[in-house]
Amino acid sequence: VASSLNVEQEAIGNAEIDAFRKVLLDWKPWGAELMDAYLFDAKRTCTKDLAEKYRVSERTIQRSKTTFERMAKKYFE
């Protein structure tokens, strides 16, 4: 019974992440990649790469990180 509960909880978690990913894609073109960076512990190293890929300033990505953190906190409360 415990293992089926874990599978169900994981499925719900994955569905929530997928739904949030769609919100992020509507927000910024790099929104989903920013989430992936946070999930895979690359928060500190993604700024330059995303800025170059999307041809925006590093400061723009830094501001997006702050907004992303607020959005994630609000979404998953």
Side-chain angles (χ1 to χ4, degrees):
V1 175
S3 65
S4 66
L5 181 58
N6 289 340
V7 170
E8 185 177 321
Q9 288 174 336
E10 185 176 328
I12 291 169
N14 288 340
E16 288 178 347
I17 289 174
D18 288 344
F20 186 54
R21 182 178 301 279
K22 289 176 184 166
V23 169
L24 293 173
L25 287 171
D26 288 341
W27 168 61
K28 297 282 183 190
W30 57 83
E33 288 179 72
L34 189 56
M35 180 178 73
D36 291 339
Y38 274 68
L39 289 174
F40 295 106
D41 203 27
K43 171 187 171 182
R44 298 184 192 274
T45 59
C46 70
T47 303
K48 183 178 179 183
D49 293 338
L50 289 175
E52 288 176 0
K53 181 176 180 178
Y54 290 98
R55 298 180 183 192
V56 297
S57 69
E58 289 185 30
R59 185 66 188 127
T60 296
I61 299 297
Q62 290 168 344
R63 285 188 203 113
S64 295
K65 286 180 175 182
T66 302
T67 303
F68 166 80
E69 290 172 5
R70 283 193 304 254
M71 289 172 68
K73 184 176 180 181
K74 185 176 180 178
Y75 190 87
F76 291 107
E77 281 184 327

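Only this structure's heavy atoms are used, side chains among them; waters, hydrogens and symmetry mates stay out.
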Taking every non-hydrogen atom, the tightest pair across [X] and [Y]:
| X | Y | result |
| --- | --- | --- |
| W30 | S64 | NE1-OG, 3.3 Å |
| F20 | A72 | CZ-CA, 3.6 Å |
| F76 | E16 | CE2-CB, 4.0 Å |

Original post:
Is atom CZ of R55 surrounded by more than 12 heavy atoms (other residues, nucleotides or ligands) closer than 6.0 Å?
Top reply: no
**OP:** Taking atom CG of D41 as the centre, report whether more than 12 heavy atoms of other residues, nucleotides or ligands fall under 6.0 Å from it.
**Re:** no
Distance check, rounded to the nearest 0.5 Å: [X] atom [atom1] versus [Y] atom [atom2]?
| X | Y | atom1 | atom2 | value |
| --- | --- | --- | --- | --- |
| L50 | T60 | CG | OG1 | 11.5 Å |
| I61 | L34 | CD1 | CG | 7.0 Å |
| W27 | M71 | CH2 | CE | 5.5 Å |

Original post:
Relative to each other, are the rings of Y38 and F68 parallel, tilted or perpendicular (30° and 60° limits)?
Top reply: tilted
**OP:** Could I get the full list of side chain to side chain contact (heavy atoms under 4.5 Å, CB included) partners for R70, not counting sequence neighbours?
**Re:** T66, T67
Original post:
Taking only residues two or more places apart in sequence, or in another chain, which ones meet A32 in a side chain to side chain contact (heavy atoms under 4.5 Å, CB included)?
Top reply: R21, L25
**OP:** Check salt bridge (Lys or Arg N to Asp or Glu O under 4.0 Å) between K22 and all other residues, then give those that pass, not counting sequence neighbours.
**Re:** none
**OP:** Carefully, step by step, assess E33 and C46 under the rule side chain to side chain contact (heavy atoms under 4.5 Å, CB included).
**Re:** CA-CA 9 Å; E33 288 179 72; C46 70; over 6 Å; no
